[in-house]
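Only one structure is covered here, and it is reproduced in the block below.
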2 protein chains.
Amino acid sequence: MASPEIEALTQALSRIPGLGPRSARRAVLHLLKKREAALVPLLTALGAVEERLETCSTCGNIDTANPCAICADPRRDAGALCVVEEVADLWALERSRLFPGRFHVLGGRLSALEGVRPEDLTIDALVRRIEGGGVDEVVLAMNATLEGQTTAHYLAERIERFPVRVTQLAHGLPVGGELDYLDEGTLAQALRARRPVV
Amino acid sequence: MASPEIEALTQALSRIPGLGPRSARRAVLHLLKKREAALVPLLTALGAVEERLETCSTCGNIDTANPCAICADPRRDAGALCVVEEVADLWALERSRLFPGRFHVLGGRLSALEGVRPEDLTIDALVRRIEGGGVDEVVLAMNATLEGQTTAHYLAERIERFPVRVTQLAHGLPVGGELDYLDEGTLAQALRARRPVV
Ligand SMILES: [Zn+2]
Ligand SMILES: [Zn+2]
């Protein structure tokens, strides 16, 4: 029924998580009806992001600049490094506005099941950052899953030879819970009560 | 936390109905992580649509061509005209694939409350289309709301002087129901059982 262009747009939108085919059609209709107020701004914003998209070569964050806005911000405490599994986790922590330091994105978690080994993550780069000096505390902010905790223990061992305080998010996270799905209150509490890794 | 470009994209997406701020952030993250598989195709599709977007000067449908694909399709029965309130209703009927004719989009419904009068809708254009000849049946596919039914009655009176069969969707639509929200089964039944306006 719709033209190939509109069909292609509906399909591109329906592949976004959270937008099924039905909501994608509604979204398309909204964009078509509000050309100047919705379609053009979205097109412009998307184009600007696409043009400048980069992965921060320091921390692994995705941003429109490299180094990313967090790594480039002199007001951020360079002495505190929060290690997360994914960019989504970094964003979740940033939304809580509770962590004044910088980040390190591992790009996943160790998993025997999925065959993810230390060399598949940015662990060597993390060690080099700590080795480079200036880091006082490393917060291991892995998910409260078996694999997340295994990763945290592995990291703690790799880091223990450096003169840094290694902490992890307080338990109290729901078992099996993933950072990116937590409400900010729970996240805030877990961050405030972070404790040294035994 | 995020760059102005990413913030602008999040805001543009969060203004789409059905995507709140939270799902917009997830959508952005997905797009950033899947640059080639998600961001670029969406950007391309959006650009293609934006470039060619038009309102069909015959029926009022929104498409990437004028006349729209439906008006331009010689296989569609030009003798049957289905009058709908909004483009969303046209799309809902098209999804059901049950109506072989063409459409006329009013651009709303008569409303004393909202001050929508006949001259605010494309009613004169509808009358001219019927006057032009070749139309055997006009299906009034208004919403089953008070305003929709008022509009249908008004249209029936405006059209009665022409030698066309004027029908409306069978009742059986839930009271207060809006076409665009109906499942296709209900819609199909209502269309099949359409009856002459008394
Ligand atoms: Zn960075
Ligand atoms: Zn048309």
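The sequence lines fix the lettering, A, B, ..., with proteins before strands; numbering per chain opens at 1.
Of the listed residues (A:V87, A:T44, A:L31, A:L42), the greatest number of heavy-atom pairs within a distance under 4.5 Å of chain B belongs to A:L42. Between chain A and the residues B:E51, B:R35, B:E86, the most heavy-atom pairs under 4.5 angstrom are made by B:R35. If you tally non-hydrogen atom pairs under 4.5 Å between each of B:I16, B:D73, B:T55, B:L32 and chain A, the highest count goes to B:L32. Chain A forms the most heavy-atom pairs under 4.5 Å with one residue out of B:A48, B:G18, B:P17, B:A8, and that residue is B:P17. Ranked by heavy-atom pairs under 4.5 Å with chain A, the first of B:A37, B:C68, B:A12 is B:A12.
When heavy atoms are compared at a cutoff of 4.5 Å, A:Q11 does not approach chain B at all. Neither the backbone nor the side chain of A:A38 comes within contact range of chain B, judged by heavy atoms closer than 4.5 Å. Of the atoms belonging to A:R97, not a single heavy atom falls under 4.5 Å from chain B. Proximity to chain B (any heavy atom under 4.5 Å) is shown, for A:K33, by both the backbone and the side chain. Both the backbone and the side chain of B:A88 come within contact range of chain A, with heavy atoms under 4.5 Å apart. Of the two parts of A:S23, neither the backbone nor the side chain holds a non-hydrogen atom closer than 4.5 Å to a non-hydrogen atom of chain B.
Between atom CG of residue B:L121 and atom CD of residue B:E85 there is a gap of 9.0 Å, rounded to the nearest 0.5 Å. Here CD of A:E54 is found 9.0 Å from CG of A:D63. Values are rounded to the nearest 0.5 Å.
Within a 6.0 Å radius of CZ in A:R22, more than 12 heavy atoms belonging to other residues, nucleotides or ligands are found. Under a cut-off of 6.0 angstrom, the local environment of CD in B:E119 is crowded, with over 12 non-hydrogen atoms contributed by other residues, nucleotides or ligands.
The two atoms that bring B:S3 and A:T64 nearest to each other are OG-OG1, 2.7 Å, heavy atoms only.
Under a 3.5 Å cut-off, the side chain of B:D77 and the backbone N or O of B:P100 do not form any donor-acceptor pair. Side chain of A:H104 to backbone of A:T122: a donor-acceptor contact under 3.5 angstrom is found.
The side-chain heavy atoms of B:L19 and B:S14, taken from C-beta on, include no pair separated by under 4.5 Å.
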